[in-house]
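Quick notes on the structure that follows.
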Amino acid sequence: MPVRTTARSGIRRATNTTATGLRATAVAVLAAAALVSCTQGQTDGGLRADPSAPSATASPSAGPAESADSVENADQAEQAAGKATEEPTAPAEPAPELVRDAFATLQATLGETCTPGAGDCAYFLGRVTQELTELDEAMRADPKGPGHFKQPLADMKVLFGKLGKDRSTPHLEKFFTEIVSTRDGINTWMQDHPDDYR
């Protein structure tokens, strides 16, 4: 009896020792595998120190269509940002002409005339009225100030008061004499002020 007990005890001890060794080996292998996995994750962009940080790579479940949409949206946003910086916020108002330029185009009408009621006044009277309007604007905007152009501005004010807003040919023909005499009077005044048109 004592021999059997001793033999059984020896077998149990050997089995326990083997099991303990196997367990220690398994734990060491698992620890080494985990260490290798962590190291690869840090170098390959797999695992992160902060698990809550979003992944920089596309999700494996994202298909080609979703990736294409993302690229297209990014391109559209970039183009919109580029247009916003390129385009001006509001178009600038054109500055009035210089007095000499406005007067030069009015002077070009000096050799022209028409006969009211003959059907040839639409262009002539329309043009002279437009040239006088632009000269009025140029004189008011000139650095010398409107006081320098007191006489021509006063003459144009009287004419525009008679014409009102109506620029139709029949209406302008009624004021043919006033339109032509205003043009000619301004021409005479400007000839006496050569520094304003040369």
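Values below: every heavy atom of this structure, side chains too, minus hydrogens, waters and symmetry copies. These figures come from a predicted structure and were not determined experimentally.
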Identify the heavy atoms of [X] and [Y] that sit nearest to each other, and give their distance.
{"X": "R167", "Y": "F160", "answer": "NH2-CD2, 4.1 Å"}
{"X": "D120", "Y": "C114", "answer": "O-CB, 3.4 Å"}
{"X": "C121", "Y": "P116", "answer": "SG-N, 3.6 Å"}
{"X": "G117", "Y": "E173", "answer": "N-OE2, 3.3 Å"}
{"X": "E112", "Y": "Y123", "answer": "OE1-CE2, 4.1 Å"}
{"X": "R198", "Y": "R100", "answer": "O-CD, 4.2 Å"}

Measure the shortest side-chain to side-chain distance between [X] and [Y] over non-hydrogen atoms and say whether it is less than 4.5 angstrom.
{"X": "M139", "Y": "M156", "result": "yes"}
{"X": "L110", "Y": "D184", "result": "yes"}
{"X": "L163", "Y": "E178", "result": "no"}
{"X": "E131", "Y": "V128", "result": "no"}
{"X": "D196", "Y": "K144", "result": "yes"}
{"X": "D142", "Y": "F149", "result": "yes"}
{"X": "F176", "Y": "T115", "result": "no"}
{"X": "F103", "Y": "L98", "result": "no"}

Problem - D166/K174 ion pair, N-O < 4.0 Å - result: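 No.
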
Problem - Spatial distance of atom CZ (R127) from atom CG (L106) [nearest 0.5 Å] - result: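 With rounding to 0.5 Å, CZ (R127) is 9.0 Å from CG (L106).
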
Exercise for the section: To the nearest 0.5 Å, tell me how far Q107 CD sits from L135 CG. Expected result: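 If we round to the nearest 0.5 Å, Q107:CD and L135:CG are 10.5 Å apart.
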
Practice task
Identify the residue among T109, D155, L159 that makes a side chain to side chain contact (heavy atoms under 4.5 Å, CB included) with L132.
Solution key: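 Single side chain to side chain contact (heavy atoms under 4.5 Å, CB included) partner of L132 among T109, D155, L159: L159.
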
Practice task
Look at the aromatic rings of W189 and H148 and report parallel, tilted or perpendicular, splitting at 30° and 60°.
Solution key: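 W189 vs H148 ring planes: perpendicular.
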
Exercise for the section: Give a yes or no on this: more than 12 heavy atoms of other residues, nucleotides or ligands lie within 6.0 Å of atom NZ of K150. Expected result: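 No, NZ of K150 has 12 or fewer neighbouring heavy atoms, counting only those of other groups under 6.0 Å.
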
